[in-house]
Protein chains: 2
Amino acid sequence: MRVSREQMAENRRRILDAASRLFRAKGFDAVSVAEVMKAAGLTHGGFYGHFASKDDLVAQTLGHVLAVDPGGGGDLRAYLDAYLSPRHRDNAADGCPTAGLAADIRHQTRAARLAMTKGLRSQFDRIGEALPEMSAADRRRAAIGSWAAMVGAVILARAVDDPALSDEILDLTRAWIDASVSQVSPS
Amino acid sequence: MRVSREQMAENRRRILDAASRLFRAKGFDAVSVAEVMKAAGLTHGGFYGHFASKDDLVAQTLGHVLAVDPGGGGDLRAYLDAYLSPRHRDNAADGCPTAGLAADIRHQTRAARLAMTKGLRSQFDRIGEALPEMSAADRRRAAIGSWAAMVGAVILARAVDDPALSDEILDLTRAWIDASVSQVSPS
DNA sequence: TGTACATCAGTGAACGCGCGTTCACTGATGTAC
DNA sequence: TGTACATCAGTGAACGCGCGTTCACTGATGTAC
């Protein structure tokens, strides 16, 4: 049953949204094409009318999800608090795609790595702009260092089996970044 | 053909060593049981004489590889240099199991997560001991923050497609940790 | 605007393949005498 | 110490299953007149 061009465009968007959530929750390998299509309200056979392959879906999903501004609007302290929170740790499906998928990217296609590279560049710039007054060199160093620590902390907090240790990783990493950033130019 | 008890113990060690390298290089899902056994010089049928399942192999491999002290011997500066180096980034098979596997752990069994939890606790203690003079609270905060940044930086450096950006992530994260650690008590 | 027909997005059965796992068998090891 | 036999680590063919992908078909959409 053919659908209208508008419906087809919306279906495509729904496939990407479903894939984005499922990939973040379970990882690229653990999610099947049929599972994505079912979550989008379609059957698996129609998949290849939208994408050339599962690898193509992975790359396009990354481009789709990394294009969205994560919000925070320049308030670094609030962004840190939300990012390094139990809520973010426990909701990978709705969470940061970098924390959920970056480690998997090195086993994916070049197109997927290119999408991640572009997303990371933007993120470094965004964090740099949200930083307090400091030199351009200090700003870039703090942006990259903070982002590495934030992504690493969420990954470690999700890997750990002990809730107390997991909370501690989030809390102390936040305090450490806080101290490191504000010492250059105290708020 | 039955083998001696010593030979069987060595075979088991070789399976764990092969699995450890292959998992770090390619991830848990992308490595098959047959591939591990072949790399250990055996055939796949013998696998279940050593392990109950592939999940069991994953958990035991983590226990095996995380029990090894990564070296560095208390010299944090040298450890940082080696850890955040292109050589480490480009050799995941021989590299840090946390950087290579931590993000995958959350999709594995409880036994695997327990092994990673234990490994992380040791690592936090080791880094804490290598830190310069500071209070116990500052020491723990710096150990956890530094480790999150180190693991995050290697993961991001491996995900990125542009060698210049990848090098920059390693270099600036190292400089950032360096500044953050030595400011509390300059060397 | 209304009609007739070509187009093509989506359906669901089917395919080939690689995976984890099982099992009958082999032959060297370990042991009882 | 030497011999006869039971044990069992490793072999390789075979299994069932889920995956990515293909394809003949359907029927609503879009278009030509």
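Lettering of chains follows the sequences in order, A, B, ..., and the numbering in each one begins at 1.
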Base paired to [N] (Watson-Crick or G-U; both N/O distances under 3.5 angstrom):
| N | result |
| --- | --- |
| D:dC19 | C:dG16 |
| C:dT11 | D:dA24 |
| D:dC5 | C:dG30 |

First of B:A52 and B:V3 reached from the 5' end of DNA chain C, by closest nucleotide: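 In this pair, the answer is B:A52.
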Does B:R2 or A:S4 map to a spot on DNA chain C nearer the 5' end, using the closest nucleotide for each?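 By nearest-heavy-atom nucleotide position, the 5'-most residue is A:S4.
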Please give, in whole Å, the distance from [N] [atom2] to [X] [atom1]?
| X | N | atom1 | atom2 | answer |
| --- | --- | --- | --- | --- |
| B:I15 | D:dA9 | CD1 | C1' | 11 Å |
| A:F47 | D:dC23 | CZ | C1' | 17 Å |
| B:R12 | D:dC8 | CZ | C1' | 17 Å |
| B:D29 | D:dG18 | CG | C1' | 13 Å |
| B:E6 | C:dG30 | CD | P | 6 Å |
| A:H50 | C:dA9 | NE2 | P | 8 Å |
| B:D56 | C:dG20 | CG | C1' | 14 Å |
| B:Y48 | D:dT11 | OH | P | 15 Å |

For the pair [X] (side chain) and [Y] (backbone), establish whether a donor and an acceptor sit closer than 3.5 Å, ignoring hydrogens and angles.
| X | Y | value |
| --- | --- | --- |
| B:S20 | B:V65 | no |
| B:H64 | B:L16 | no |
| B:R113 | B:I105 | no |
| A:D75 | A:A78 | yes |

Intermediate values then yes/no, salt bridge (Lys or Arg N to Asp or Glu O under 4.0 Å), A:D167 and A:R89: CA-CA 9 Å; A:D167 287 351; A:R89 174 196 61 202; 2.7 Å; yes
Reckon [X] touches a base, only the sugar-phosphate, or nothing at all at heavy-atom distances under 4.0 Å?
| X | answer |
| --- | --- |
| B:G45 | base |
| B:M1 | base |
| B:H44 | base |
| B:V36 | nothing |

Among [options], the nucleotide that comes nearest once only the side chain of [X] is considered:
| X | options | value |
| --- | --- | --- |
| A:M8 | C:dG20, C:dA9, D:dG30 | C:dA9 |
| A:K54 | C:dG30, C:dT11, D:dT21 | D:dT21 |
| B:T43 | C:dG30, D:dT11, D:dT21 | D:dT11 |
| A:V33 | D:dT21, D:dT31, C:dT21 | D:dT21 |

Residue whose nearest DNA chain D nucleotide is more 5′ - A:A34 or A:G46: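 The residue whose closest nucleotide sits nearer the 5' end is A:A34.
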Take B:R2 and B:Q7, measure what side-chain hydrogen bond (donor to acceptor under 3.5 Å, both in side chains) needs, and give me the verdict at the end. CA-CA 10 Å; B:R2 192 179 183 180; B:Q7 183 63 51; over 6 Å; no
Under 4.0 Å: is that the gap between some side-chain N or O of B:N11 and OP1 or OP2 of D:dA9?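 No, because none of the side-chain N or O atoms of B:N11 sits under 4.0 Å from OP1 or OP2 of D:dA9.
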